[in-house]
Amino acid sequence: NHPHNTLLYVAASFGLPALLIWCFLWIYPMIYCFISYSKLSIFMRITLFAYFCLFFHGLLDLVLFHWPTIFLAAIFLGLLWNETWKGRTYVSSSLCKHYICRIIIKLLVFITASLILILTLYSAYSNYRGTYFFRTGDFYAKKKSDERALYQYQRGLAYKKEAKYIYKAGMLSITSLNNPKLALYFFNYFNKIVPYDYAHKNGFIALSFVKLGKNNLALPHLIKEVINYPLSVGAWFRLSLIQRQQKMYKDAEFSLKNMQRALKAKGLPSSAINLILENPEYDSHPDRIPKSIVLNKNQDNTHSPKNK
């Protein structure tokens, strides 16, 4: 649902002019401080190093758009800008000589700083409270306490309609709880918040429809899934089944060939399709499939893939 690179994300979301402005605000002070590195204090050198690490991480993921890293990066950036513009005068000295003007300027600075501080604290609190349910839900999910995990995701949705809560709740409902109706209930929230495709949303919606026997409704979601994720083995397989049921034989053959290519790209034998259908998580993380199971399945090729 997004590129794992801050520069690409800004360019794609806001355009090239915004990217140039963003680069000036976030990169210029870093370059300036690197050039004048020998003049920096120990504290500013540590700040520069910390900011550089966050910025470099931002080239691999969107850490500069999520809390708490965005707040840390903003603090470091403010310190770097202060170092960059240290000693420069923004108001003419003749104007500052007037006592009333100095009072007004100080008052404006105080009000602006106070508003920024209040907004920052509110944003930090809102993000913390919102992600609390998400983190708690993930904790219970890892403990295989699915009901508790789902309850936390539901609390998160009640607090704020965010894509990550919808996705986690829907995915947990269709995989661990095997409840396609509940999964579709959660995935329906996507129609109310964001128009874009979020992660494997289409694949899980299609799986829900397939388990309800509504293959005709699953077909368009499967097509979107394989377009977004051409290495999705389960999506290609289910798509081929539905295409064959609807007498789209050439399309079904094409889908099966792409499924075999996806299996080969992931280093999996054809027999691994059953494992992937039983546990869709293996499709995204084939490295989590126990090697012993794959070997045993590979030795027994007499079983045909299950129609799931």
Side-chain angles (χ1 to χ4, degrees), residues 1-2 137 141 146-147 149-151 153-154 156-158 161-263 266 270 272-286 303-308:
N1 61 316
H2 61 75
D146 300 324
E147 296 288 349
L150 184 62
Y151 174 68
Y153 294 143
Q154 287 177 304
L157 278 174
K161 300 295 186 294
E162 287 194 15
K164 57 187 177 183
Y165 296 123
I166 300 171
Y167 184 73
K168 282 285 188 176
M171 184 176 64
L172 186 67
S173 300
I174 190 60
T175 55
S176 300
L177 300 178
N178 195 26
N179 190 334
K181 290 185 178 180
L182 183 61
L184 290 174
Y185 167 78
F186 286 119
F187 285 129
N188 187 53
Y189 276 111
F190 275 114
N191 299 327
K192 303 176 182 179
I193 56 169
V194 288
Y196 60 80
D197 293 331
Y198 187 89
H200 293 277
K201 177 195 76 172
N202 286 298
F204 285 114
I205 291 176
L207 178 59
S208 301
F209 280 128
V210 168
K211 289 193 174 186
L212 290 173
K214 300 179 180 180
N215 293 343
N216 59 321
L217 296 178
L219 183 59
H221 293 285
L222 284 172
I223 293 174
K224 289 181 181 179
E225 178 70 6
V226 296
I227 290 174
N228 292 333
Y229 300 95
L231 293 181
S232 180
V233 176
W236 281 117
F237 178 73
R238 293 188 179 91
L239 180 59
S240 69
L241 290 179
I242 296 176
Q243 288 170 334
R244 188 171 294 277
Q245 289 173 0
Q246 297 189 4
K247 298 181 180 181
M248 303 165 62
Y249 298 115
K250 289 185 178 180
D251 292 332
E253 184 179 352
F254 176 77
S255 297
L256 283 176
K257 288 181 179 179
N258 282 316
M259 183 198 74
Q260 293 295 338
R261 293 191 186 100
L263 284 169
K266 294 179 179 181
S270 299
I273 181 64
N274 281 335
L275 292 172
I276 292 175
L277 293 176
E278 291 169 2
N279 190 342
E281 184 183 3
Y282 288 156
D283 209 353
S284 302
H285 304 280
H303 299 287
S304 60
K306 299 177 182 179
N307 185 355
K308 296 193 176 182

Supply the atom-to-atom distance [X] [atom1] to [Y] [atom2], rounded to the nearest 0.5 angstrom.
| X | Y | atom1 | atom2 | value |
| --- | --- | --- | --- | --- |
| Asn179 | Leu150 | CG | CG | 9.0 Å |
| Tyr198 | Asn228 | OH | CG | 14.0 Å |
| Phe209 | Leu219 | CZ | CG | 12.0 Å |

Ignoring hydrogens, what is the shortest heavy-atom contact between [X] and [Y]? Give both atom names and the distance.
| X | Y | result |
| --- | --- | --- |
| Asn215 | Gln245 | ND2-OE1, 2.7 Å |
| Tyr153 | Ala141 | OH-CB, 4.1 Å |
| Ile276 | Gly234 | CG2-N, 4.1 Å |
| Glu225 | Gly203 | OE1-N, 3.0 Å |
| Ala149 | Gly137 | CB-O, 3.3 Å |
| Ile223 | Val226 | O-CG2, 3.2 Å |

Return a table of donor-acceptor pairs under 3.5 angstrom between the side chains of residues 166-176 and protein atoms on other chains or two or more places apart.
from, atom 1, to, atom 2, distance (Å)
Tyr167, OH, His200, N, 3.4
Ser173, OG, Ala169, O, 2.7
Thr175, OG1, Met171, O, 2.5

- Query: Given side chains that start at C-beta, do those of Glu147 and Leu177 come closer than 4.5 Å, heavy atoms only?
  - Reply: yes
- Message: Any heavy-atom pair between the side chains of Leu241 and Val210 that's under 4.5 Å?
- Response: no
- Item | Derivation of the side chain to side chain contact (heavy atoms under 4.5 Å, CB included) call for Asn202 and Ile227 | CA-CA 10 Å; Asn202 286 298; Ile227 290 174; over 6 Å; no
- Residues in ring pair (Phe, Tyr, Trp, His ring centres under 6.0 Å) with Tyr185, at least two apart? Tyr189
- Query: Looking only at atom types and distance, does a side-chain atom of Trp236 sit under 3.5 Å from a main-chain N or O of Leu231, one as donor and one as acceptor?
  - Reply: no
- Message: Suppose we screen for side-chain contact (heavy atoms from CB on, under 4.5 Å). Which residues come up paired with Leu212, at least two apart in sequence or across chains?
- Response: Pro180, Lys181, Leu184, Lys214
- For Tyr249, enumerate each residue passing the side-chain hydrogen bond (donor to acceptor under 3.5 Å, both in side chains) test, keeping only those at least two apart in sequence or located in another chain. none
- Could you pull out all residues at least two apart from Lys266 that satisfy salt bridge (Lys or Arg N to Asp or Glu O under 4.0 Å)? Asp283
- Item | Pairwise side-chain hydrogen bond (donor to acceptor under 3.5 Å, both in side chains) hits with a residue in residues 251-261, at least two apart | Gln243-Ser255, Asn258-Arg261, Gln260-Ser270
- Task: Evaluate the criterion side chain to side chain contact (heavy atoms under 4.5 Å, CB included) for residue pair Arg238 and Leu277; output intermediate values, then yes/no.
- Result: CA-CA 9 Å; Arg238 293 188 179 91; Leu277 293 176; 3.5 Å; yes
